[in-house]
Amino acid sequence: MMMHMETIKIDDPRLDESFAFMFSFRKGDSVFLKAQNSLRAQINDGVYVGEFPKHVAGDIKPRGITLYELKLADESLQIVEEKELHKID
């Protein structure tokens, strides 16, 4: 069985409204980790990894994961999955 894997970065110029759902956060957004709500960070970059949805079939569910690179207060970087983050309003 052959698996097809694609990636798209958060600031890819090819992004349009049909792929906007792949990124819940944008560069510069302030977030905290759900498991450690005292740990604040800023979105530095992001990448979607997986299979792109088949729009012709009407399926808008992504078959992959979105990873974000966070910049912490001490300037260190950390990579986390989207589901681990919550936006600070």
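Side-chain atoms are counted along with the backbone in the values below, which use heavy atoms only and exclude waters and symmetry mates.
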Quick one: [atom1] on [X] to [atom2] on [Y], what's the gap to the nearest 0.5 Å?
| X | Y | atom1 | atom2 | answer |
| --- | --- | --- | --- | --- |
| Ser38 | Arg40 | OG | CZ | 7.5 Å |
| Lys71 | Ile43 | NZ | CD1 | 12.0 Å |
| Phe32 | His86 | CZ | NE2 | 4.5 Å |
| Lys9 | Thr7 | NZ | OG1 | 9.0 Å |

Do [X] and [Y] have side chains that get closer than 4.5 Å, going by heavy atoms?
| X | Y | answer |
| --- | --- | --- |
| Leu70 | Leu33 | yes |
| Val31 | Ile88 | no |
| Glu82 | Leu67 | no |

I'd like to know if the side chain of [X] reaches the main chain of [Y], judged simply by a donor and an acceptor atom lying under 3.5 Å from each other, with no hydrogens or angles considered.
| X | Y | answer |
| --- | --- | --- |
| Tyr48 | Gly64 | yes |
| Gln42 | Gly28 | yes |
| Asn37 | Lys34 | no |
| Tyr68 | Phe25 | yes |

Checklist entry - Pick from Leu77, Leu39, Asn44: which one makes a side chain to side chain contact (heavy atoms under 4.5 Å, CB included) with Leu72? => result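 Of Leu77, Leu39, Asn44, side chain to side chain contact (heavy atoms under 4.5 Å, CB included) with Leu72 is met by Leu39 alone.
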Item to check | Smallest separation among heavy atoms of Asp11 and Lys27, with atom names | outcome: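 In terms of heavy atoms, the two residues are closest at OD2-NZ, 3.0 Å.
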Next on the checklist: Starting from Val80, can I reach Ile8 by hopping between I/L/V/M/F/W/Y residues whose side chains sit under 4.5 Å apart?
Outcome noted: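 The answer is yes; both residues are in one hydrophobic cluster.
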